[in-house]
There are 2 protein chains.
Amino acid sequence: MPQTDDLSEDRGGPTVEDTVLGDLIGYRLKRAYMQIQPEAQRALAEDDLRVVSFSCLSIITDNAGIVQSELADALQMERSNLVVIIDELEQRGLVTRKKVPTDRRRYALTATLRGRRLRDRAAEKVRTAEDQIIGRLDDKDRAHLMAVLQRLEDNTR
Amino acid sequence: MPQTDDLSEDRGGPTVEDTVLGDLIGYRLKRAYMQIQPEAQRALAEDDLRVVSFSCLSIITDNAGIVQSELADALQMERSNLVVIIDELEQRGLVTRKKVPTDRRRYALTATLRGRRLRDRAAEKVRTAEDQIIGRLDDKDRAHLMAVLQRLEDNTR
DNA sequence: TATTGTTATACTCTATAACTATA
DNA sequence: TATAGTTATAGAGTATAACAATA
């Protein structure tokens, strides 16, 4: 098994490969996410979307009629922080807010046709950006990664 | 393959499983990290460490003599944001700052015995916390996950 | 009484610019 | 002229408390 216990210069990089830290899943997850996130951000910025607003638009698109507190639950964020995001999506004509007749405290969120189309286009761009980073990761490894991450998440529910 | 296209109530949870979003690696990575991070945070808080200060202490421990800008590179963070963190680690007697004789602009960082011991203890706690979340993930899946995440990260360098 | 959406606010993280001392 | 460490500050992102409307 390849293991580097040589701390001196190795291959040009700014040194430092840590094993104790590198063996922690949380650290590896964060590092991997840090590579992907900026590229996703850049791809979404072309359509004036942030990662969080894209996530909202995406879930609303696939779950027409969802209300804000449910959306907050789904994204594990505070419903108070959702307000301005939905405000913007609504102002841009991407989603609609409609009072639920049976419970007038709640607003049913639905993506407009324009919203759904934007979501599809943006998702495609993010996918392309991700694929470029994934590089040599073949389909089998990708599928396995996704399955394990999903399982990891499910284990905590 | 198991695929849910039923959007109605499934098993008590607050609904919502999105496929377009859920098929993005960035989203899955973030979700998985969101499950792990709070537990790691809680484990580290017992020793008055934050994730970032633990990461610093850990890298310094394994790379005695590293200077701040190298550490910033290693953790992919701004060196300006490192200052207060190292300040605190130094004040707690966990690391030392020593001017490098050959280049007096730089400070060599080294973990003290107490720092190294704290790192080892804290790492063990985080590991335990992670293992509890990982649950049924067996050694093979864990190893494969780590390898793929590492590869994913390496692909971008 | 409890919940939904909302507002305001505080707190943490991260990013940027500018300074100093050294090179 | 450039770099390391530092400071101050601005900007995100996130969390908390309180309120009005509704249940």
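So you know, we letter chains A, B, ... as the sequences are listed, proteins then strands, and number each from 1.
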Those residues that, when tested against B:Val51, pass side chain to side chain contact (heavy atoms under 4.5 Å, CB included) (two or more places apart): B:Gln37, B:Leu44, B:Ser55
Listed once per pair and sorted, the salt bridge (charged side-chain N to carboxylate O under 4.0 Å, His left out) pairs that draw on residues 140-150 of chain A, sequence neighbours left out: A:Asp141-B:Arg151
What donor-acceptor contacts under 3.5 angstrom involve side-chain atoms of residues 79-90 of chain B, with partners at least two apart or in another chain?
unit_1  : atom_1 : unit_2  : atom_2 : d
B:Asp87 : OD1    : B:Arg97 : NH2    : 2.1
B:Glu90 : OE1    : B:Arg97 : NE     : 3.2
B:Glu90 : OE1    : B:Arg97 : NH2    : 3.2

Sub-4.0 Å heavy-atom contacts from residues 82-94 of chain A onto DNA chain D, ordered by number: none
Sugar-phosphate or base contact per nucleotide [nucleotides 14-23 of chain D; S, B, -; heavy atom under 4.0 Å]: BBBB---BBS
Contacts of type salt bridge (charged side-chain N to carboxylate O under 4.0 Å, His left out), residue A:Glu130, not counting sequence neighbours: none
Residues that B:Arg121 engages under side chain to side chain donor-acceptor pair (under 3.5 Å), provided they are two or more places apart: B:Asp47
Results of side chain to side chain donor-acceptor pair (under 3.5 Å) for A:Arg114 - residues two or more places apart only: none
Start and end of the DNA chain C segment that chain A contacts, any atom under 4.0 Å from a heavy atom: C:dA2 to C:dT7
Non-neighbouring partners of A:Gln91 that pass side chain to side chain donor-acceptor pair (under 3.5 Å), sequence neighbours left out: none
Salt bridge (charged side-chain N to carboxylate O under 4.0 Å, His left out) against B:Asp48, all qualifying residues, sequence neighbours excluded: none
With B:Arg104 via side chain to side chain donor-acceptor pair (under 3.5 Å) - residues at least two apart: none
